[in-house]
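Notes follow once the structure below has been shown.
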Number of protein chains: 2
Amino acid sequence: MVKAAADLASVEGLDSVTIGRLAEIVQMSKSGVIGQFRTKEALQLETVEMVFGDFRTRVWDTVKRFPAGLPRLLAMCEAWTEYAADPGYPGGCLMTQVTYDYDGRSGVVHERLLEGRNQWRAALRADVTTAVQAGDLPEDTDVEAVVFGLESLASFITPALLLHGDDRAADHAYQGMRRIIGVTEEER
Amino acid sequence: MVKAAADLASVEGLDSVTIGRLAEIVQMSKSGVIGQFRTKEALQLETVEMVFGDFRTRVWDTVKRFPAGLPRLLAMCEAWTEYAADPGYPGGCLMTQVTYDYDGRSGVVHERLLEGRNQWRAALRADVTTAVQAGDLPEDTDVEAVVFGLESLASFITPALLLHGDDRAADHAYQGMRRIIGVTEEER
DNA sequence: TTGCATGACGGACGATCGTGCGCTTAATCT
DNA sequence: AGATTAAGCGCACGATCGTCCGTCATGCAA
């Protein structure tokens with residue numbers, strides 16, 4: 001049910017997920033749908049929650065075993081770009097979609113989104129900082145700029161794929177990430 | 001009128017711009033509003049057209065006097081990030097908003113968006129290629145990856161500003177662009 | 001076996017959606 | 001001055017929106 005909502009949201013946006021259309025998709029009555037979530041806002045929140053869960057599973061859980069610092073940072077970039085390129089939703093990475101949809105609005109979805117992304121930002125920031133302290137990155141590294149760059153590049157994979165049909169998008173992003181971080185070029 | 005639609009679209013997305021709400025904002029009747037555009041789709045297209053016009057004025061027109069190649073490319077990056085950080089819409093850069101909103105859909109808006117962005121991509125690609133030929137950039141520069149990186153970084157300024165309140169977003173983007181392009185660091 | 005919670009249903013509600021129609025008013029042109 | 005055009009209005013339409021209500025079937029607990 002939530003998966004169906006997420007699929008639809010990835011294509012048309014979270015607030016195009018209407019009770020009626022969702023009911024039609026899962027072959028239920030409108031009453032049956034809203035009975036499970038009480039309200040539309042709750043449905044939206046559960047959808048967002050599912051996306052965060054996905055991201056955690058597909059990205060974070062696969063890299064947390066790496067040693068903190070540069071190794072884990074690079075692993076993150078790889079898992080991240082791979083996830084963004086193949087997120088399992090028909091309309092691309094839903095995390096990206098929701099981010100750009102609700103960045104300028106107010107409300108609980110915006111709040112939850114901010115919280116989730118801040119958590120991820122903190123993880124990135126931590127590993128960049130560790131990498132600097134370990135001497136793997138130059139001492140004058142602008143940590144915030146690096147985090148900004150990584151988030152940027154990951155976020156553009158979806159539009160590059162969907163809009164321009166750029167099937168090298170994930171590679172472009174990973175390549176860019178290495179440049180942003182400042183590690184030397186090498187074969188992926 | 002179109003400006004009002006664009007203002008609203010920048011915050012809530014292009015298809016939240018409803019005839020009724022727009023009528024309320026500009027203090028007209030619904031009939032009066034739709035009388036000017038015939039259909040909602042036409043209103044959306046005119047809004048998109050306005051954004052392209054804005055972008056052309058604020059970015060392209062200010063850099064076209066620069067010599068082709070690296071100088072113009074860097075000027076582009078500067079004007080671009082400045083525009084994205086202060087686009088004149090309450091909900092941030094509308095170009096970005098529309099891109100992420102309609103990348104995965106089909107229809108005339110998607111089509112027009114693709115056309116417009118392709119034009120811009122071509123301009124970027126041309127100056128990168130010229131810079132390579134002039135010897136200002138290494139010969140093995142991956143042009144497509146550079147274009148991807150520049151678009152990424154510019155596109156993340158809006159969410160960084162609106163979501164995280166990062167008022168250094170434009171600087172982060174410009175800094176990242178220089179790294180993507182591969183020019184040495186220097187004071188902006 | 002009886003009782004009851006749960007889940008899904010059809011149906012209805014007020015609101016809002018996009019879009020037509022016919023009228024009045026103001027501006028433009030001959 | 002008279003005719004013509006255009007813009008904006010009120011109003012109504014069918015659809016769809018989110019939500020609530022009463023009903024019925026199912027399955028578990030007593």
Side-chain angles (χ1 to χ4, degrees), chain A residues 1-51 89-91 94 97-98 100-102 104-113, chain B residues 1-51 89-91 94 97-98 100-102 104-113:
Chain A
M1 174 73 108
V2 188
K3 177 60 167 65
D7 281 348
L8 182 54
S10 75
V11 179
E12 304 201 11
L14 194 50
D15 47 16
S16 289
V17 181
T18 223
I19 307 285
R21 292 186 61 184
L22 188 53
E24 200 177 335
I25 290 174
V26 302
Q27 293 277 60
M28 278 181 49
S29 67
K30 287 208 298 174
S31 328
V33 170
I34 206 169
Q36 299 199 9
F37 303 103
R38 299 187 44 84
T39 170
K40 190 190 176 183
E41 202 175 56
L43 165 61
Q44 293 181 326
L45 278 178
E46 277 206 43
T47 310
V48 171
E49 221 58 52
M50 184 196 183
V51 177
Y89 300 104
L94 188 46
Q97 172 83 270
V98 175
Y100 281 83
D101 229 29
Y102 281 82
R105 309 199 202 186
S106 52
V108 286
V109 176
H110 174 99
E111 240 61 58
R112 181 64 187 91
L113 172 68
Chain B
M1 172 74 105
V2 189
K3 178 58 166 67
D7 282 347
L8 182 53
S10 75
V11 179
E12 305 201 12
L14 194 50
D15 47 17
S16 289
V17 181
T18 223
I19 308 285
R21 292 187 61 183
L22 188 54
E24 201 176 334
I25 291 174
V26 300
Q27 293 277 60
M28 278 181 48
S29 69
K30 289 207 297 173
S31 328
V33 170
I34 207 169
Q36 298 199 10
F37 304 102
R38 300 185 44 83
T39 171
K40 191 191 176 183
E41 202 175 56
L43 165 61
Q44 292 180 325
L45 278 177
E46 277 206 44
T47 310
V48 171
E49 222 56 52
M50 185 196 185
V51 177
Y89 301 103
L94 188 46
Q97 173 82 270
V98 175
Y100 281 83
D101 228 28
Y102 281 81
R105 309 200 203 185
S106 52
V108 286
V109 176
H110 174 99
E111 240 59 58
R112 181 64 187 91
L113 172 69

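So that the names make sense, note that chain A is the first sequence line, chain B the second, and so on, each numbered from 1.
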Select base, sugar-phosphate, or nothing to describe what A:S31 touches, counting heavy atoms under 4.0 Å on all strands. base
Which residues, if any, of residues 22-29 of chain A bring a heavy atom under 4.0 Å of DNA chain D? none
Between residues 36-44 of chain B and DNA chain C, which residues have a heavy-atom gap below 4.0 Å? B:T39, B:K40
Residues passing the side-chain hydrogen bond (donor to acceptor under 3.5 Å, both in side chains) test with A:E49, sequence neighbours excluded, are A:R112
Residues at least two apart in sequence or cross-chain that pass ring-ring contact (aromatic ring centres under 6.0 Å, His included) with B:Y102, listed by chain then number, are none
Side-chain donor-acceptor contacts of residues 20-33 of chain B below 3.5 Å, not counting sequence neighbours, with atom names and distances?
from	atom 1	to	atom 2	distance (Å)
B:R21	NH1	B:E12	OE1	3.0
B:R21	NH2	B:E12	OE2	3.2
B:S29	OG	B:G32	N	3.1

Would you please name every residue forming a side chain to side chain contact (heavy atoms under 4.5 Å, CB included) with B:A9, sequence neighbours left out? B:L14, B:V17, B:L94
Of all heavy-atom pairs linking A:K40 and A:D15, the shortest is NZ-O, 3.6 Å
Mind checking B:G20 for me? I need base, sugar-phosphate or nothing, with any heavy atom below 4.0 Å counting as a touch. sugar-phosphate
Going 5' to 3' along DNA chain C, which nucleotides are the first and last within contact of chain A (any atom under 4.0 Å from a heavy atom)? C:dA8 to C:dG11
Which heavy atom in A:S10 sits nearest to a heavy atom in A:G91, and how many Å separate them? OG-N, 2.8 Å
Five pairs per end, C1' atoms only: what is the angle between the end axes of the helix from C:dG3-D:dC28 to C:dT30-D:dA1, to 10 degrees? 10°
Can you see which heavy atom on A:D101 is nearest to which on B:Q97, and at what distance? OD1-OE1, 4.3 Å
Using 0.5 Å steps for rounding, measure from the CG atom of B:L43 to the CE atom of B:M1. 8.0 Å
Sorted by chain and number, sequence neighbours left out, side chain to side chain contact (heavy atoms under 4.5 Å, CB included) with B:V2 holds for B:F37, B:E46, B:T47, B:M50
From CA spacing to verdict: side chain to side chain contact (heavy atoms under 4.5 Å, CB included), A:K3, A:D7: CA-CA 6 Å; A:K3 177 60 167 65; A:D7 281 348; 2.7 Å; yes
Any residue in residues 1-16 of chain B with a heavy atom nearer than 4.0 angstrom to DNA chain C? Just list them by number, or reply none. none
I need the CD1-P distance between A:I34 and D:dT19, as an integer number of Å. 4 Å
